[in-house]
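One-based numbering, in listed order, for ligands and for the atoms of each. As the structure is a computational prediction, the values presented were derived from the model and not from experiment.
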Amino acid sequence: MNTLLQALILFLVSMLQLCYSKPPNIVFIVADDLGWNDVGWRNEQVLTPNLDKLAREGVILNSSYVQPVCTPSRNAFLTGYFPFHTGLQHFVIFPPQPYGLPLKFTLLPERLRKLGYDTHMVGKWHLGFCKWEYTPTYRGFDTFLGYYNGEEHYFSHDYTYQNKKGFDLRNNTKPLREATGDYSAVPERYKDLYPAVKTQARRTYLAMVSALDEAVGNITDTLKKYGYMDDTLIVFTTDNGGPVNWGANNWPLRGAKVTLWEGGTKASAFVHGPMLKKRGYTNTGL
Ligand SMILES: *[C@@H]1O[C@H](CO)[C@@H](O)[C@H](O)[C@H]1NC(C)=O
Ligand SMILES: *[C@@H]1O[C@H](CO)[C@@H](O)[C@H](O)[C@H]1NC(C)=O
Ligand SMILES: *[C@@H]1O[C@H](CO)[C@@H](O)[C@H](O)[C@H]1NC(C)=O
């Protein structure tokens, strides 16, 4: 009886805590095409000090699986469904294809909005844009700064597909023409970090990984500066395994992006935040 009462009280107290504790800020970072062996916490050749620090302070997810290409994975992050439930299991969406993530699915930002969150997205969408209803600001994001397709030229922000070129960088729904010529990150000076890397593709790729790392450092510096860091959950993951033809590396895993081997599906990923009960370890569970 006593135990039952104690259990009941404990249950009520935890329900009250759930109801009244302020929900954390959530920063969900998807690094496009980042390989298993392309992060400093696994491969010391890769210079990612900011990511390494977050990964080591948080929980490294050592068995976190994704889909082998972008659209299906991004679909899963935002709906919680495997792509064969949403019709996005086939491949990625190409510019002239008139479809997207079906409108009957409610996306994560729509659910977060109902809980009182402000929702913002920066970067690549790749879940359809054939009608406005399929685009990020119609699907739960208050603001969007990025591109609708799967890739863009880093300087011109064009995407050329079957000899047709289109500008693809938007501020909410408006083309952001004034950004033409700006690199969406800053890789040149990072190439100098890798003098020993002889393969050009690998050197450029690693430079971009280090630029990404600096961008993440800028984000966490800003979170710290404004006092949000103690109340922020950071989730970091790739969307698929690394494309080795573009300089990525998934060693010792077999295969790469687009394949169903672990090199295509086992993600470099971690979670970070003071609200995690157990931190500073590698989680090997699925
Ligand atoms: C993490 O995954 C890699 C690749 O599958 C494996 O070699 C390693 O043993 C795993 N680490 C742990 C701690 O299970
Ligand atoms: C995007 O548009 C908003 C609202 O018009 C503006 O405040 C913001 O500065 C713009 N962002 C960029 C990067 O131009
Ligand atoms: C990080 O912030 C610094 C200082 O504002 C800036 O010069 C640099 O370009 C930023 N890096 C990236 C990758 O955005």
Side-chain angles (χ1 to χ4, degrees), residues 27 29 31-32 34-43 46-51 53-56 58-66 118-123 135-137 141-148 152 154-155 157 167-193 204-226 236-238 240-242 248-256 259-271 278 280-286:
V27 178
I29 302 171
D32 201 65
L34 187 66
W36 178 258
N37 202 34
D38 293 331
V39 290
W41 72 81
R42 201 166 277 137
N43 176 356
V46 184
L47 303 173
T48 53
N50 297 296
L51 286 168
K53 182 165 182 288
L54 292 172
R56 292 200 172 105
V59 180
I60 294 170
L61 305 176
N62 207 61
S63 298
S64 177
Y65 286 85
V66 288
D118 295 329
T119 56
H120 303 280
M121 177 173 170
V122 176
T135 62
T137 45
F141 287 106
D142 299 343
T143 68
F144 172 70
L145 181 70
Y147 48 102
Y148 290 158
E152 55 150 28
Y154 285 134
F155 293 95
H157 305 288
F167 183 80
D168 190 10
L169 181 66
R170 286 172 196 260
N171 186 4
N172 298 320
T173 53
K174 292 197 182 62
L176 190 64
R177 295 265 174 203
E178 54 274 32
T180 306
D182 290 346
Y183 184 69
S184 51
V186 279
E188 281 304 322
R189 62 193 164 95
Y190 292 101
K191 284 193 182 173
D192 301 340
L193 294 173
T204 304
Y205 182 94
L206 288 176
M208 292 169 80
V209 172
S210 290
L212 160 79
D213 181 74
E214 186 185 281
V216 171
N218 284 358
I219 292 169
T220 51
D221 284 350
T222 307
L223 289 169
K224 276 179 206 145
K225 183 173 157 196
Y226 292 101
F236 178 91
T237 181
T238 185
N240 45 247
N249 187 322
N250 303 302
W251 188 87
L253 305 179
R254 182 179 187 177
T259 73
L260 287 169
W261 304 112
E262 290 217 318
T265 56
K266 203 170 177 183
S268 283
F270 66 80
V271 289
K278 198 175 157 202
Y281 78 108
T282 296
N283 186 297
T284 57
L286 268 182

**Student:** Taking the cut-offs as 6.0 angstrom to the six-membered ring centre and 45 degrees off its axis, would you call R56 and W41 a cation-pi pair?
**Tutor:** no
**Student:** Give me the atom names and distance for the closest heavy-atom approach of F141 to H120.
**Tutor:** CD2-C, 3.7 Å
**Student:** Under 4.0 Å from a heavy atom of W36: give me the atoms of ligand 1 that qualify, with their elements.
**Tutor:** 2 (O), 3 (C), 4 (C)
**Student:** Show which atoms of ligand 1 fall inside a sub-4.0 Å distance from at least one heavy-atom site of L253.
**Tutor:** 4 (C), 5 (O)
**Student:** Classify the contact between L176 and ligand 2 as side chain, backbone, both or neither, using a heavy-atom distance cut-off of under 4.0 Å.
**Tutor:** side chain
**Student:** Counting each atom of ligand 1 from 1 as listed, which ones have a heavy atom of T284 under 4.0 Å away?
**Tutor:** 12 (C), 13 (C), 14 (O)
**Student:** Given side chains that start at C-beta, do those of L193 and L206 come closer than 4.5 Å, heavy atoms only?
**Tutor:** no
**Student:** Within a radius of less than 6.0 Å around CH2 of W261, do more than 12 heavy atoms belonging to other residues, nucleotides or ligands occur?
**Tutor:** no
**Student:** Mind checking whether K266 has an N or O less than 3.5 Å away from an N or O of ligand 1?
**Tutor:** yes
**Student:** For a 4.5 angstrom cut-off between non-hydrogen side-chain atoms, does N171 reach L145?
**Tutor:** yes
**Student:** Mark whether atom 9 (O) of ligand 1 lies under 4.0 angstrom from at least one protein heavy atom.
**Tutor:** no
**Student:** Show me which atoms of ligand 3 lie under 4.0 Å from any heavy atom of N218.
**Tutor:** 1 (C), 2 (O), 3 (C), 8 (C), 10 (C), 11 (N), 12 (C), 14 (O)
**Student:** Should N171 be counted as touching ligand 2, given the test is an N or O pair under 3.5 Å?
**Tutor:** yes
**Student:** Would you say the side chains of D142 and T119 form a donor-acceptor pair under 3.5 Å?
**Tutor:** yes
**Student:** Which protein heavy atom lies closest to atom 2 (O) of ligand 1, and at what distance to 0.1 Å?
**Tutor:** N62 ND2, 2.4 Å
**Student:** Compare all side-chain heavy atoms of L34 with those of F236 and state whether any distance is below 4.5 angstrom.
**Tutor:** yes
**Student:** Can you check which of L169, N172, L145, V122 brings a heavy atom nearest to atom 13 (C) of ligand 2?
**Tutor:** L145
**Student:** Heavy-atom contacts with A211 under 4.0 Å: which atoms of ligand 3 show up? List them by number with element.
**Tutor:** 13 (C)
**Student:** Does atom 5 (O) of ligand 2 have a protein non-hydrogen atom under 4.0 Å from it?
**Tutor:** no
**Student:** N/O to N/O below 3.5 Å, does that happen between R189 and ligand 3?
**Tutor:** no
**Student:** Is it true that the NZ or CZ of R170 lies under 6.0 Å from the centre of F144's six-membered ring and within 45 degrees of the ring axis?
**Tutor:** no
**Student:** Nearest 0.5 Å, what's the CZ-OG1 distance between R254 and T259?
**Tutor:** 9.0 Å
